[in-house]
Amino acid sequence: MQRDGNLVSLWQDSMPQYSSKTTHLPNEEFDVAIAGGGITGITTALQLQKAGKKCIVLEAHNICFGTTGGTTAHINTFFDTPYQKIIKNFSLADALLVARAAKKAIALIKENISTYNISCSFKELPGYLFSINEEQSKELQEIIEASKKLGVKVDFINSTVLPIPYLKIALFASQSQFHPLQYVYALANAFEKENGVIVQNCRVLKTEENEMITVHTSQGNIVCRKFIYATHIPPGVNLLHFRCAPYRSYVMAVQLNKKSDYPDAVVYDMNDPYHYYRTQEVKGIPYLIVGGEDHKTGHEENTEGCFRRLESHIRSFFDVKEVSYKWSSQYFEPADGLPYIGNLPAHAGNMYVATGFGGNGIIYGTFSAMLLSDLIVHGVSDYAELFDPNRIKPIAGFANFIKESADVVGKFIGGLFPKEDIETLSSLAHNEGRVVEYEGKKMGLYKDENGKLYAVSTACTHIDCKVQWNAAEKSWDCPCHGSRFSITGEVLTAPARKNLEVFDLAEEEYSSSKEYSK
């Protein structure tokens with residue numbers, strides 16, 4: 001299957017591309033249309049279809065093309081934003097809701113696996129969180145105290161499953177893991193058996209909101225009563241783009257020389273950014289999966305260096321036989337620490353969104369399906385106010401909001417690329433990309449393994465920020481809101497809707513044409 005990067009993930013390599021029953025957009029009306037075929041979109045579609053709604057999933061590429069295809073699939077009762085911070089920034093009652101949401105999401109995953117007899121290597125495991133210095137130990141103490149207040153089972157212990165030195169370590173009971181694509185594929189199949197419709201290679205271009213919603217796609221138009229953006233971040237221009245910061249995280253799946261060295265647990269350190277560890281057996285082969293080295297999208301010049309640092313970290317503590325897979329993935333960090341799930345800001349009440357999951361996409365993606373289903377079917381939810389995308393939390397989120405917004409403004413600089421002689425721009429190594437500047441103007445060039453040049457405008461089609469070259473994934477990444485594009489300019493990741501402007505380098509002088517998603 002394909003995913004939103006040049007590098008092959010462990011999950012991508014072990015699964016074929018999903019084959020949906022419907023290949024073309026049907027000429028029908030739907031109760032709910034959902035953009036995005038990852039864990040959020042597919043789980044939500046199944047929940048709504050079972051509740052009696054007629055649903056369609058519109059996926060721009062293929063099922064699990066985006067972040068679900070690059071996740072490490074940790075299933076936790078705790079989050080990147082720890083409970084003590086949620087209590088401080090929101091309230092104890094709100095933190096109780098978040099803890100309850102995690103339990104409900106895990107329960108739904110287990111229920112789906114049981115109901116549909118899904119073979120996805122689901123496994124309950126202990127979860128370890130460890131500190132390496134006094135400052136981290138103090139925070140770990142606060143995490144444990146807050147977690148216990150919320151009924152989360154955790155306490156200090158004196159041993160670990162990793163050969164990594166630690167100062168203090170805590171054990172969270174009943175954490176989990178699974179093969180994410182096997183799980184989502186099974187849900188997609190169940191959804192189609194419930195007469196749901198999945199159309200792949202069908203990009204949503206825009207929506208028109210009247211009494212009914214007209215959805216314009218690359219395959220034509222459909223009409224629906226409710227519409228959900230389950231695209232990890234909504235496309236177009238929206239307030240949420242200023243409240244969610246895009247990040248890349250790096251992952252390696254390695255084989256070890258000793259079978260006994262594979263940890264039978266999910267483990268996390270407390271560094272910033274933190275490392276996360278687990279084991280997954282695929283087709284009879286065990287892999288140690290380790291992630292980390294996170295950075296804001298488009299803000300790291302040497303993305304290959306992130307992999308080198310991650311590999312060095314792994315080899316420092318494990319006897320590595322070989323690095324079998326390496327890849328990176330994208331997530332969006334919310335300004336106040338909690339995701340945005342509910343009505344899309346600045347739109348009528350029939351448009352919905354789920355975004356800002358941080359590094360907890362499996363849990364929050366699953367919970368989004370439950371919350372959105374309640375809102376659409378029943379009109380109410382106990383969780384609606386807490387996760388409302390229209391909320392404003394000045395104490396919790398204002399500083400981050402200003403920081404991210406200021407960063408965006410600083411990137412609105414540049415102009416159109418002038419017509420220059422191509423020979424002056426072709427001094428690239430094979431498989432190298434570079435932003436080339438002449439007279440203060442920029443364009444992005446990439447030379448493939450055969451010496452063919454590809455040239456695109458560096459102006460992101462979202463809000464005209466300037467894209468940066470990602471050497472690891474061979475993509476053009478926007479440092480403002482996280483839009484990503486292929487070497488040919490095709491949109492890989494929202495919020496951009498349109499492809500980058502492409503320059504035809506075959507002619508003596510440059511000619512350009514704006515390539516929109518088709």
Side-chain angles (χ1 to χ4, degrees), residues 20 25 28-61 63-68 105 108 184 187-188 191-192 194 196-200 202-210 212-217 221-236 238-241 244 332 339-357 361 364-381 383-384 387-390 493-495 497:
S20 53
L25 199 67
E28 303 175 43
E29 287 187 3
F30 291 87
D31 293 321
V32 185
I34 302 166
I39 190 169
T40 305
I42 297 298
T43 310
T44 303
L46 179 58
Q47 289 291 104
L48 288 167
Q49 193 76 18
K50 290 194 300 182
K53 299 297 182 181
K54 182 180 179 182
C55 300
I56 183 171
V57 173
L58 307 170
E59 167 54 49
H61 298 278
I63 297 298
C64 297
F65 176 83
T67 298
T68 302
L108 179 58
V184 176
L187 295 191
F191 170 64
E192 290 189 301
E194 294 275 354
V197 177
I198 297 174
V199 184
Q200 301 182 96
C202 184
R203 179 180 296 281
V204 173
L205 302 176
K206 66 176 182 178
T207 58
E208 291 182 19
E209 301 168 59
N210 295 300
M212 297 283 282
I213 300 172
T214 301
V215 184
H216 298 259
T217 81
N221 301 340
I222 62 162
V223 175
C224 62
R225 291 176 177 81
K226 306 282 187 180
F227 183 86
I228 300 171
Y229 277 119
T231 51
H232 210 49
I233 192 76
N238 191 273
L239 176 65
L240 292 177
H241 302 141
C244 293
F332 288 82
Y340 304 99
I341 309 166
N343 290 117
L344 183 66
H347 288 265
N350 54 1
M351 298 280 289
Y352 300 84
V353 69
T355 188
F357 297 162
Y364 280 136
T366 301
F367 177 72
S368 293
M370 306 173 80
L371 174 51
L372 293 174
S373 181
D374 282 345
L375 291 176
I376 290 173
V377 176
H378 305 295
V380 294
S381 169
Y383 301 86
F387 294 104
D388 184 4
N390 295 277
T493 306
R497 295 178 185 270

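Just so we're clear, the structure is a prediction, and the values are computed from it rather than from any experiment.
Annotation: side chain of I376 is in contact with side chain of I228 (closest heavy-atom distance under 4.5 Å). Side-chain contact between Y340 and P345: absent, with no pair of heavy atoms (C-beta onward) separated by less than 4.5 Å. Side-chain contact between I198 and E192: present, with at least one pair of heavy atoms (C-beta onward) separated by less than 4.5 Å. By the 4.5 Å heavy-atom criterion applied to side chains, Q47 and K53 are not counted as neighbours. Residues N350 and E209 are in side-chain contact: their nearest non-hydrogen atoms beyond the backbone lie under 4.5 Å apart. Side chains of F332 and L240 form no contact here, defined as non-hydrogen atoms less than 4.5 Å apart. In this structure, the side chains of Y229 and T207 come closer than 4.5 Å at one or more pairs of heavy atoms. Taking 4.5 Å as the limit, some side-chain heavy atom of C202 sits within range of a side-chain heavy atom of L25.
Q49 contributes a side-chain N or O that, together with a main-chain N or O of E194, makes up a donor-acceptor pair within less than 3.5 Å. Judged by distance alone, with hydrogens and angles left aside, the side-chain atoms of H378 form no donor-acceptor pair with the main-chain N or O of S373 at under 3.5 Å. No donor-acceptor pair closer than 3.5 Å links the side chain of N343 to the backbone N or O of N390. In this structure, the side chain of T355 engages the main chain of H232 through a donor-acceptor pair within 3.5 Å.
Atoms CG and CG, from L46 and L108 in turn, are 8.5 Å apart once rounded to the nearest 0.5 Å. Here M212 contributes atom CE and C224 contributes atom SG; the two are 7.0 Å apart, rounded to the nearest 0.5 Å. Atoms NZ and NE2, on K206 and H216 in that order, are 5.0 Å from each other to the nearest 0.5 Å. Atom CD1 in I341 sits 11.5 Å away from atom CE in M370 (nearest 0.5 Å). Rounded to the nearest 0.5 angstrom, L344 CG and Y352 OH are separated by 11.0 Å. To the nearest 0.5 Å, atom OG1 of residue T44 and atom CZ of residue F191 are 10.5 Å apart.
For the residue pair G37 and V57, the shortest heavy atom distance occurs at CA-CG1, 4.2 Å. Nearest heavy atoms, A33 versus I222: CB-CD1, 4.0 Å. Contact detail for I39 and G361: the closest heavy-atom pair is CG2-O, 4.2 Å. Closest of all the heavy-atom pairs between L375 and G342 is CD1-CA, 4.0 Å. Nearest heavy atoms, T231 versus A35: CG2-O, 3.4 Å. Here the closest heavy-atom approach between residue C55 and residue A45 is recorded as SG-O, 4.2 Å.
Ion pair R225/D31 flagged as a salt bridge, since at least one NZ, NE, NH1 or NH2 atom sits closer than 4.0 Å to an Asp/Glu carboxylate oxygen.
Note on ring orientation: taking the six-membered ring where Trp is involved, the planes of F357 and Y364 are tilted (angle from 30° to 60°). In this structure, H61 and F65 have parallel ring planes: the angle between them is below the 30° cut-off, well short of the 60° mark.
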Would you please test F30 and V215 for side-chain contact (heavy atoms from CB on, under 4.5 Å) and show each step?
CA-CA 11 Å; F30 291 87; V215 184; over 6 Å; no

